[in-house]
Amino acid sequence: MKLNRLFKQHSIKGLAAALLCASALPVSAAQEYLLTVTRPGHLHVIDMKTNEVERSCDIPGKFGSGAITVSPDGKTAFVLSNIWEDVYGFDIRSCQIVFHAAQSSASERVKSFQSLTVSRDGTELYTVQNPTRLLSDRYEILEPRLAVYRIADGLGAQPVRTFPVDRRITKIAATDTGEVILGGGDVKAINTQTGDVRMVAALQNWDRGPLWLPPDAFAMHSQGEQANEYIMPYVTARFSDEEWDFETAEWWWGLSRVDLSTGEAELIEAIPFEFIVFNFITDPRDSNILYGSFNTLSKHDISTQETLIVKEMPHTYYNLNISGDGSTIYVGGTSSDISIHDSETLEKIGAIHLSGDMTTSDLRVATIRE
Amino acid sequence: MALINNKTKKALSGSGVLLLAGLASLPLAAQEGHQLLRNNCGVCHAESGSADNPVFSRISEQRKSPEGWLMTINRMVHLRDVEISADDKRNLVRYLADTQGLAPDEAAPFRYLLEQDTNLIETGVDAELVETCARCHSGARFALQRRTEQEWQYLVDFHMGQFPTTELHALSRDRAWYEIARNQTASTLALQYALDTPEWSQWQSEPKADVTGRWRVVGFVPGKGEFDAVMLAERADDGRYDLSITGRYADGSELSGDGKATLYTGYEWRASLTLDGVRMRQVMALDEQGLSGRMFLAAEREIGGSIQAIQDQGEAAVLALLPSFVRKGEHAEVEVIGHNLQADSLSLGAGVVIEQILSQGPDSIRVRVSATGDEGIYPVQLGDVAQSAGLAVYEQVARVDVLPQDAVARIGGGGMMAKVRTAYRVVGYSAGPDGIPGTEDDLRLGYMPASWQILPADEEAEHDQDHIYAGEIDANGIFTPGIDGPNPERRMSANNVGRLTVVATVTDGEEVVEGSGNLLVSVPDFVRRVLD
């Protein structure tokens, strides 16, 4: 029974060990900033010691989706703007724009659905591009591709390499192994030098036999930097027989978690589907503890498959993140307030009010270690 | 005066081909249609073929309803920055619907969309197509189109190009949506809804009827009731028809109005008219019987009712009986509505005795009848010609159907969006020969007066007091939803949404019969669509 629920491609202990190493870094010396984007187009840099907005940077172009990725040194935040077409890189210490890539050209309109990440050495930016062409009397839909930009190219950067990838890729993340994790119908990884693609976690194409509902996986937001992981939630059901009675099925939240230091994944169905969760994050101190947000803020222990705490929220919060020491949870997205909670009890301990609505924006943590 | 104005406007608008006033009332000549396409669309849609038989890329490989063409041209205006004069647009829609429209049989199963009857759960669309296509809009939107396979593929590309996240929605992201839609679904569509069909070839070769003249009309306006009227249609010089209508409601109050109609594709009647100061639309289809369809408020398409009309062709003809039913063994007053009627040639068969003629005229005869026969439909006879209308004699109303059976109303009125109301009616049935209501052989008696109430749909709705907050229903069966925005009186300051059961009570002699419908009171819908 338990084996069915805890389907693993990779030992959960191994991942926990890896995470312990990561959190052994001297957290205290680091300054953490919470980053998010609000309409009509501001990148907010929030000091996580004081929970005050330290500066707000103007993002050129129409609102995108608020997707953000941060360079490993924590100093540059890359934001998707102009209705998912342009990437702007900001020095979060000054708001100076240090990078700009306009992905569309005269012959192609290029959109990226959230997919934005920086290589572990901080030199390259990756996006997944979905190009279309508007001909005189019809659209032509072109194949998606991974585009590699050299961050040092700064303003007006053009891709230095491209490789074909699957359709329907949303969030992506770079690994220490020189790959980029691609979250689409399945979770795959692409080698950023050769373009070779391998399966990391089969979802749409999983082979669970006839009693499992093929998972519905979807990720609109990137997070996981505090646990050094890529996390793709999905919903599945296990039926008692091949009649597929949806009423009597066991419904589960599943998680595909990729360890970004190894590029290895585990698939876990360990959170009973009792309410909608839009995003999950893992506690950086204990990989068995997860937090989820939507109309509720919840805390889960996947080792016991228990939902530990559920807190009704006053409105919908799409998104959440956590401090590096695991003590404080920031719940945001949707509206203009970020709700701050104690991770032990989930009690609300503060709030940050922003100048506009976050809608679909990411909530990321930039850590500057100096 | 009006004539001169129209002509002057056209002369100024530049597409001078339409100026030949004598011709303007005829279907647009092919040459004129080609020229309209060349002038307005040719920059982007490449022309090939011969001068007499030109082919315009994308445009020539599809057929659709007049609304379908209007929707496309409107999109060309909004998204492709096409500038087109109002006259050219109207003439082009008419030309395209006439030459690349749908045959009556092709449109018949999907008339609800043309009639803008949105309170309907679609059935009969292929499961594959529902999943891939009919989850954002109705299935009728594409079932009312005919295309080559390549055109269906280009339509898929249009969706991806215009709405790039289409493949990321639920029911897309768990599969290779684009590949499935472009390869499998497009070929399914090309088989089910092919460009070339025998129905269309047949319809193109048939002679088309002329709708000018005098029409006898019956219909229903929510809040006002059933009416009967005379409608005159006269050709206007712009190819449309000038309409005037006069009549009265069942309660005796008068009705009058005027407007304009267009007959597309030889059978698609579309009219805009002002009835006693209220703007209304008629969407009807013409067949051998006459016109039938729906009339609704221009500003509120949910509020409408059925309408039927027959043309005066010099012979006696019956359109309807009001009411259309009488209980067995009872007496009743019935009005026979039609053209060129003569009381002395009227009969209702062996089971219905005409006891007295109360009034008579060529358009209407009021009689007092006695239902002596057994349960059944007794067709009206004029001399020895049986009419399609008949009087139902019944023993007992055994079942009443609430229409619409499933409806969505929308809260509004507080902000930008108006409330979306629902107009209800009931149709009564007797149990038929098998004595069991709800079976195939039930006898349809007709629309019946009813009293109305709303109840919570279930325990949860009762707990949330949906029946108190979500809105109210009046004596005419019109449901008006609550105001939008958060309601501090409700749990979690919920807005005034709810799930309700609408109950109609019909009194039939000593008996009382109830029927019910499901009503979802939902949030405002900010997307206003031409075609759902």
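Note on naming: letters A, B, ... go to the chains in the order of the sequence lines (proteins, then strands), and numbering restarts at 1 for each one.
Here the straight-line distance linking atom CZ of A:F113 with atom CD of B:E167 works out to 5.5 Å at 0.5 Å rounding. Here CE of B:M160 is found 4.0 Å from CZ of A:R167. Values are rounded to the nearest 0.5 Å.
Shown here is A:L135, whose CG atom has more than 12 heavy atoms of other residues, nucleotides or ligands within 6.0 Å. Counting heavy atoms of neighbouring residues, nucleotides and ligands inside a 6.0 Å radius, atom NE2 of B:H463 does not exceed 12 of them.
For chain B, no part of A:R133 is nearby; none of its heavy atoms comes within less than 4.5 Å. Interface residue B:R175: only backbone heavy atoms are found under 4.5 Å from chain A. Proximity to chain A (any heavy atom under 4.5 Å) is restricted, for B:E179, to the side chain, taken from C-beta onward. Using a 4.5 Å cut-off between heavy atoms, A:L134 touches chain B through its side chain atoms alone. Both the backbone and the side chain of A:S136 come within contact range of chain B, judged by heavy atoms closer than 4.5 Å.
Of the possible polar contacts, one joining the B:R58 side chain to the A:D137 backbone as a donor-acceptor pair under 3.5 Å is found. Not one N or O on the side chain of A:R168 forms a donor-acceptor pair closer than 3.5 Å with the backbone of B:Y178.
The minimum heavy-atom distance linking B:P164 with A:R109 is given by the pair CG-NH2, 3.7 Å. The heavy-atom pair separating B:F158 from A:Y139 by the smallest distance is CA-CD1, 3.8 Å. A pairwise comparison of heavy atoms in B:D174 and A:Q204 identifies O-CG, 3.6 Å as the closest pair.
When each of B:V43, B:T165, B:V156, B:D157 is scored by its heavy-atom pairs under 4.5 Å with chain A, the top score falls to B:D157.
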